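Notes follow the structure.
Keep in mind that this is a model prediction, so the values were computed, not measured.
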Number of protein chains: 2
Amino acid sequence: MKKMMRMTHQREIILEELKRLKTHPTADELYEIVKKRLPRISLATVYRNLDVLAELGIIQRIEVSGRQKRFDGNPEAHHHVRCLVCGRVADAELSQEPQVNFDSVKANGFKIIGFNLEFEGICPECVSKGKFKFFNNKADTIFNET
Amino acid sequence: MKKMMRMTHQREIILEELKRLKTHPTADELYEIVKKRLPRISLATVYRNLDVLAELGIIQRIEVSGRQKRFDGNPEAHHHVRCLVCGRVADAELSQEPQVNFDSVKANGFKIIGFNLEFEGICPECVSKGKFKFFNNKADTIFNET
DNA sequence: ATAACTGCAAATGATTTGCGATCGG
DNA sequence: CCGATCGCAAATCATTTGCAGTTAT
């Protein structure tokens, strides 16, 4: 009893716009973009479609920290950088993949299946705005001197 | 004009309980624990205290994916494993740190400050329950055959 | 024909905030 | 004393869901 996916007009446009973007938008960012072509579309439809497309592996839900989920039109596994100031996410390419031997990881009895390498940085826009002073060692938080 | 932190009774207990735990609770999990000692404490107080303690680097807000934020009483940088089934987080120790040369990372103009290595797996409790069948390659999603 | 899908509105879940009362330094 | 912090309730933000009408196959 496998249910089948229909290629609705909404789904087609959502997929097309997500794939066009080099950035990795949140659901509501994509909603704003898609709304230009389909003014009557609802945000719930965007959420639902991102879900089914990610479930089928046509796109991917990016596993980064941050309150909002982000989506990537490229289903291939690859790494990302997240801007600590604005949350924007971009692709990060490593010249060589880090070798991690799962068997050597002591993980309190967890069965390890994979890992996720997420870079943290400042995006070009936020660097130029210079709206930050310094970071605590590992933080997602910006302190403004006052 | 730096404002100073007061060591209130609530803050003291929250910190004490978080540090006692080897696990990395969400704010509301910690709230339930703390409530046993301070029955009148409010969840908002737990959130506010976790914020100031993390801001000061006394504890850390764990940067893993997942809807709820988790906290670690150990402020030292280290890696974590996240259970793909229940979301539980534990420490992960690597016999040797992966070497990542930031300069070799092509990241669309982002200034790279650090990285975050998060392992994905199944915790002992969920393994023994066996409530899952298989995973898609990189997913946070569990498919149940029906 | 009919199950998958849609838009809308209301529901949920996590976290944050305004406020008047309280307390620590 | 007085500003940081508290408890409480309401507000906000992201995401999900119920439902009745619509559409792709």
Side-chain angles (χ1 to χ4, degrees), chain A residues 1-15 18 24-32 34-56 58-59 61-71 82 86-89 140-141 146, chain B residues 1-16 18 24-32 34-56 58-59 61-71 82 86-89 140-142 146:
Chain A
M1 301 294 95
K2 55 208 55 159
K3 65 177 187 170
M4 75 141 187
M5 183 186 79
R6 292 183 185 166
M7 190 47 73
T8 60
H9 192 207
Q10 291 86 329
R11 183 162 296 161
E12 200 168 26
I13 306 286
I14 288 167
L15 183 55
L18 179 58
H24 305 316
T26 59
D28 65 287
E29 285 167 359
L30 189 54
Y31 168 63
E32 292 302 331
V34 167
K35 215 166 32 168
K36 291 175 188 156
R37 297 177 59 185
L38 299 173
R40 295 190 48 74
I41 200 172
S42 110
L43 179 55
T45 297
V46 174
Y47 273 106
R48 280 188 282 231
N49 277 297
L50 289 171
D51 274 355
V52 323
L53 294 170
E55 221 59 61
L56 294 174
I58 298 170
I59 64 171
R61 194 184 275 102
I62 304 180
E63 295 293 320
V64 293
S65 33
R67 23 144 103 305
Q68 299 185 195
K69 294 243 171 289
R70 290 182 172 270
F71 297 84
R82 176 175 49 99
C86 71
R88 205 186 317 253
V89 169
D140 58 351
T141 312
T146 24
Chain B
M1 301 298 94
K2 55 209 51 158
K3 64 178 190 172
M4 71 140 191
M5 185 187 79
R6 292 183 185 165
M7 190 46 75
T8 60
H9 192 208
Q10 292 85 332
R11 182 162 297 163
E12 201 168 24
I13 307 286
I14 288 167
L15 183 54
E16 196 178 302
L18 178 58
H24 306 315
T26 59
D28 65 284
E29 284 168 0
L30 188 55
Y31 168 64
E32 293 301 332
V34 167
K35 213 163 38 164
K36 292 176 186 154
R37 296 177 61 184
L38 300 173
R40 296 190 46 75
I41 201 173
S42 110
L43 178 55
T45 297
V46 175
Y47 272 106
R48 279 189 281 231
N49 276 297
L50 289 171
D51 274 355
V52 322
L53 293 170
E55 220 58 61
L56 294 174
I58 297 170
I59 64 172
R61 195 184 275 104
I62 305 180
E63 294 295 317
V64 292
S65 33
R67 42 179 95 254
Q68 297 183 208
K69 293 245 169 288
R70 291 181 171 270
F71 297 85
R82 176 174 50 97
C86 70
R88 206 184 316 254
V89 170
D140 58 351
T141 313
I142 314 309
T146 24

Check whether more than 12 heavy atoms from other residues, nucleotides or ligands sit under 6.0 Å from atom CZ of R67(B), and answer yes or no.
no
So, is Y47(A) near the phosphate of dT15(D), with a side-chain N or O under 4.0 Å from OP1 or OP2?
yes
Side chain of A44(A) only, heavy atoms from C-beta on: which candidate in dT17(D), dT17(C), dT15(D) is closest?
dT17(D)
What is the separation between atom CZ on R67(A) and atom P on dT15(D), rounded to the nearest whole Å?
10 Å
Letter by letter from the 5' end, nucleotides 20-25 of chain C scores (B base, S sugar-phosphate only, - none; protein heavy atoms under 4.0 Å) ---BBS
How many angstroms lie between atom CE of M5(A) and atom CD1 of I58(A), to the nearest 0.5 angstrom?
4.5 Å
Looking at Q10(B), is its backbone amide N or carbonyl O close enough to the side chain of R37(B) to form a donor-acceptor pair, meaning the two atoms are under 3.5 Å apart?
no
Please determine which of V46(A), L38(A), L18(A) meets the side-chain contact (heavy atoms from CB on, under 4.5 Å) test together with I13(A).
L38(A)
What is the distance, to the nearest angstrom, from the OH atom on Y31(B) to the P atom on dT16(C)?
16 Å
State whether the side chain of E32(A) and the backbone N or O of E29(A) hold a donor-acceptor pair below 3.5 Å, judged by distance alone.
no
Provide, to the nearest angstrom, the distance between the CG atom belonging to L43(B) and the P atom belonging to dT12(D).
18 Å
Side-chain N or O of R11(A) less than 4.0 angstrom from OP1 or OP2 on dC5(C)?
yes
Mind checking I41(A) for me? I need base, sugar-phosphate or nothing, with any heavy atom below 4.0 Å counting as a touch.
sugar-phosphate
Students often get this wrong, so: under 4.0 angstrom with heavy atoms, is D28(A) touching a base, only sugar-phosphate, or nothing?
nothing
Mind checking R48(B) for me? I need base, sugar-phosphate or nothing, with any heavy atom below 4.0 Å counting as a touch.
base
State whether R40(A) places a side-chain N or O below 4.0 Å from either non-bridging phosphate oxygen (OP1 or OP2) of dC8(C).
yes
For the atom pair CG (D28(A)) and NZ (K35(A)), what is the distance rounded to the nearest 0.5 Å?
10.0 Å
